[in-house]
Structure formats: structure tokens, C-alpha cells
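Order of the sequence lines fixes the chain letters, A, B, ..., with proteins taken first and strands second; residue numbering starts at 1 for each chain. Just so it is clear, the model here is predicted, and its values are computed rather than measured.
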Amino acid sequence: MILAIDTETTGIDFFHGCRPFLVTMCDGEENYHWWGEVNPYTREVFWQEEDIDAIQSILNQADTLVFHNAQFDMRALETIGINIESLWDKVEDTLLASHIFCSGDSHGLKDLAIKYLHYWNDDEEQLEIAVKSARQRVSKLGYKIAKYGDSQSPGLTKATSWWKQDYWLCPDECLYYALCDVEKTWLLWNAFKPALVQDGFWKVYQLRKQLLEICYSVTSAGLHMDRQAATEYVTNLEAKIKKIRKYLSKQLKIKPLFNWNKREHLLYLLHNHLKIPVLYTTPGGSPSADKKAVADYYAYSNSPLLRTVLIGRRIETERRYVQAYYNWLADDSCLHSNLNITGTRETRQSSSNPNQQNIGKKLTKLFLPPQGYVWWDADFANIELRIWAYAVGNKDLISMFERGESVHMFIMTLLFPSEAAAYKKDHKNQVLANRYRDVKGGTFALIYGATEKKADETYGKAGACQIIFKYFPGIAEYTQSLTNQVFSNFYDLKRPFVYTIGGYPLDVPIDEPFKCCNYYIQGSAGIFMSKAMIAIHNLPIYKTSGSQIVQQVHDSLKVQVPINKYIHDTIERLKEAMSMCATDIFGKTPISYEILYNPKDESLLQDIDILPPF
DNA sequence: TGCCAGCGCGCG
DNA sequence: AAAGCGCGCGCTGGCA
């Protein structure tokens, strides 16, 4: 029996008490549903034991469980006491399948139903109207409707569509909506499955499906944060920000606190107070105060006030990030961010609620392993550049990688010989370091499909591309052949796409075919990372040692490893597994890693002799 | 008050 | 003819 399942919940943050209040299922013949009782004053949900048993029993009996975004609904089910551990092997996900058929489109259930099933109804609109009016009606009754600042969703911002968390106010409309959703999910899977097989995508679907349980476990484990350090950090920054704003207001002689995020305030400072002439305008013609304009005005005026504004802005950005992490923190002092498998239009994952993939370099020190663990923090060395070199097929480029030499350094030598020589001797020289940074940027621009003009600009040298093309023949041909693949697929299969290494199809906008180079590289790297995570997860020692992947940032992985006598062996195996993910293309991929310790951990002192060297 | 677009900025 | 890619999130400011 193929069973489609959906849950409706009181919110998305299951780590702060949000819960499902309705479970719906469809087996193709019949629909089923179970209600939990929402306490309108607390938003807590009460479930009858026999209903949980009934849900568990039907889940256990089904041959196939179909979800649209399995991670979410499995989490919801787990929070009300469903045992999900044995279910993963029979889970299918229409979200994963949809991404294979159309990596660039929306994967919303409603859109998919229209596109593939010609199934349209206005259940969503009806529900929205009902919920919005119900929220107004019950606000006088003292009900705990969802809103900014709620204890069950401390991380969500003002800009959230809060009404979506109050479906429980409208049981009739909600049930109709939820049953439509499971029907759509069931029908979609029955359409997708044969298509996956027929189009030759079954294998790559199976590969990606293994990520479901793995990403779920990453979210469950969470990333441990130093709560106290974070609090102190925010308090400290807040004080600084206040001081700076007061100072600016005083200098400018304005009443309300100066706000560097307000265009008006910035313009007042620039043109009224500092009397700098208007040098930049927006496309609409009004004076501009965007990043580039402000930076140039500072270079032009060298005004200490403007410098203060730039510093204040930077500090405020930092505070905003730390505050958000703090708000999302659960009782276990961990961030349980989602790791979204279909989060990007290539095969990379995205992270959300909060985003763990853009934690500022300065803020990483606020995160550290919990007592009894270390973090193995590993990186693929230059994975994207490596994929590019092999795709171009240039022997010199490839052998440079195989000899472990720095391609960036080589290109710097090619373009700026004397500076490169000097930089090799003196890595601390800031001017030379900036030159190296620009060269690196230029090469990335090049492999991501920039025009020659743009790449030359980034390199900081006219004709840079021509020099590189001449030295490494094959680059232009590679770009051309990949673009040809897009057009020939469009012609033959009516779908413009490129295959990544590993055979995953990625859509390329037909009016922007130059993007295919980027998609191929990012997508192939995404497949390698997927394989690495799967290999690590399947290591026997990973399980027996109690290790757990806690973070993935595209080309890097953090694994939380218990401090015990297996630690050396575990790390050796982790490294081996990760480096083997692309052997079919370029042998072992070099991995660089470091071990991160919690300095306050007492077990470090006892077990210091078994630890890897600092 | 809620919603959306535009922008900036963190990461790869 | 011209084009460097991919994310998530917080804030402002305009609109209903």
C-alpha cells in the first residue's frame, strides 16, 4: 500500500513547542485523518493515546510512505510520540522528485498539482480568508494566536506570515485543505515514480533520498553554542551601538537617534551636514546612499563622522546575526537549523531557521562542541576549482592539482610575476595579499561564466583572460561544449539542462545559457558532498563511536566526535570516507581539517592523552 | 497592521 | 547583443 501523509501544525519551530494538530493520509482509495486537541490559551496540543497508536500502526503497515518534504512531517510526527526510526527505509519524497524534473521551478505542492495533474482548486485561498477572519474574531477571547514574540516561535521575525500558524482555528477548511494535499501528494508520486524510472533518474533519486535521514539527524543534533558568550556579546555590542548613535545624533544636532539604515538620515549627513555634493544618483534620479556611494563619499571626504557610521553599521550587522542565533537557541543550547536538501537550484543544500551557512568568521567562536565531544571540522580542498580543471581537461592544470600546487599562485605568477615572487617571500604584505585575493576572485569569476571584460576587471589587469586562455588551452572550448549540451537537450528533450558529474540534470534558463558553467561546477560539487555525507553516515565506526554530522556548508563538514579511545580511529575513517567521494573523477580529494575543542570541557583534562594533537 | 519589493550582507 | 553563480534573512519604505 502506498500511503501519502501530511500534517498541519501550530508552527514550524518544533524545538520550542510547535506541534501537529491534524494528521491526514491517503492510500489512493480512502482518506484518513486524526485530530489533536489544541488548547486555545496555550497552543499546546493534546493527543489521545489510541490515535497515536492508530497512526503508528498504519505507518508501520504501509509499504511506501510518501511525503512532500518528508523532513518536516517526520519531525512533526516524532514530536507527538510516533516512532519514526524504522520508517525511513520506505519513505519517498515528492519534493526530491520534483527537483529532478525541474530544478529551477517552484516545488510547491499547489504549483506541482497544477503543472502535472491539472488539479486546481481554491482550498488555499478559502483557508486563508477563514483563518484571517477567525484571528480577528478570537483575539478578544484571550486565545493565544500566533504573533511576533511568541514563546513557541522565538526566532521568527515580524515579517512572518503569522496567520499560517493558526490553521487550527478553522477545522473544517483546514481538513478540506489537508485532505487535498495528501491526495495531491499521492497522485504526484504515482506520476513521478514511473517517470523517474523511464527517464533514467531512479538511481540519482535514490542517492539523494539517502540524504533525508542524514539531514534530519543533523537538524536533530543541532549546533552547540556558548549561550553565555552570546549573551555577553550582544550586550556589549548593544552598548557600543547606542553610544555611537548618541554621538552621531549629538554631532548632527538631530532629535531622533541617528539611524544608518535610513536613507534619509544618511543623505542628511552627507549633503546637509558634510556638504558633500551629490555625486551618485539612483536610477530614478534621486540622490543615492547605497553601499558604493557611501564608500566613495568616505574616500572623497575622509570624514570621521562617516567613518563612525561605517563602523556602527558593521557592529549592528554583527549584533543582528548573534541576536537571531540567540533567539533560535533551544533548551539544549543548540541551533536546530533545517538542512534543506532541495534548497538550491543545483544540488547544494541550503540552511534555514536560522541559516547556518552564513555565520560570520568572527562569530564562529561563539559555537563550540558540548562537554565530552570535539568537532572534526573538514574542508574539501579547492573542490570547485578542481572540478573545473578536470572538466576543461587541460593537462597542465590537472597535473598542477595532482602535484598539490596552488593554482591561484600560479595564475598570479602568470599575470603579476614580480608581485607573485614578492608575495611568496612575504605573505604578510597587505598590498600583495589584496592582489592575491583579486586574482583568486578573477579565477572564480572566470569559472562561473563571467565575460572576459568582467573577469579582467576582477583580476585587475586588462587582457588577463587572454593570457590565461593562451597558457591553458581548452577553457573556451569547455564553456562552448557545455553550452551546446544545453541547446541539444532543449532540442532533443524539450528541456534545457546540463548533467552534473553523477548524472543529475540541472535546468539552465534558455535565455541565460552562460550559467551552465556555474551550474555544472556547483552541482557536481554538491553531488560529491552528498556522497561524502552518505559515506560518513554509513561508516560502522560513525555509529558505534556515537559521532554525528552537525553542520554542512557546501564544501565543509563538521562532525561531532565523542572524546574516547576510538577518537583517532574515527577521525582517520572520517577523513578516508570524505576523500573517496570523487575517486571515479580525480582519485582521492584532498581534505584539510582541524579539531575544535571546548576549552571549558573538564573531560579534556582527564583524557588529554588520547586526544589528537592541538 | 500585514504584505511585498528592493537592498545590503553574511557565507560558499 | 549581453550576461559571474548559488543561498537566507533583517531592515526600510511604499501600498492596501
Practice item. Check each of A/F380, A/F586, A/Y504 against A/F528 using the ring pair (Phe, Tyr, Trp, His ring centres under 6.0 Å) test, and report the only one that passes. Key: A/F586

Check your understanding: Between A/K147 and A/D166, is there a side-chain N and carboxylate O pair less than 4.0 Å apart?
Key -> no

Study note, to complete from the structure: Numerically ordered, the residues 509-530 of chain A set in heavy-atom contact under 4.0 Å with DNA chain C is A/F514, A/K515, A/N518, A/Y519, A/Q522

Point to revise | Closest listed nucleotide, where the reference is the side chain of A/K454 and the choices are B/dC3, B/dG12, C/dG4 | key: C/dG4

Point to revise | Flag for A/S337-A/Q356: side-chain donor and acceptor within less than 3.5 Å | key: yes

Review point. Which part of the nucleic acid, if any, lies within reach of A/T364 when heavy atoms closer than 4.0 Å are counted: base, sugar-phosphate only, or nothing?
Key: nothing

Check your understanding: Can you give one letter per nucleotide of nucleotides 9-16 of chain C, going 5' to 3': B for a protein heavy atom under 4.0 Å from the base, S for sugar-phosphate only, - for none?
Key -> SSSSS---

Check your understanding: Reckon A/I359 touches a base, only the sugar-phosphate, or nothing at all at heavy-atom distances under 4.0 Å?
Key -> sugar-phosphate

Check your understanding: Checking all strands, does A/K361 fall into the base, sugar-phosphate, or nothing category for heavy-atom contacts under 4.0 angstrom?
Key -> sugar-phosphate

Check your understanding: Does a donor on one side chain and an acceptor on the other come within less than 3.5 Å for A/S106 and A/D111?
Key -> yes

Point to revise | Donor-acceptor pair between A/E8 and A/W168 side chains, under 3.5 angstrom | key: no

Exercise for review: Determine whether the side chains of A/N261 and A/E316 contain a donor N or O and an acceptor N or O closer than 3.5 Å.
Suggested key: yes

Review point. Out of C/dG6, B/dG12, C/dG4, which nucleotide sits closest to the side chain of A/R345?
Key: C/dG6

Study note, to complete from the structure: Writing each nucleotide of DNA chain C 5' to 3' as (, ), [, ], | or . by Watson-Crick or G-U pairing under 3.5 Å yields ....||||||||||||

Practice item. Determine the Euclidean distance between corresponding P atoms of C/dG4 and B/dG12; express it in Å to zero decimal places. Key: 22 Å

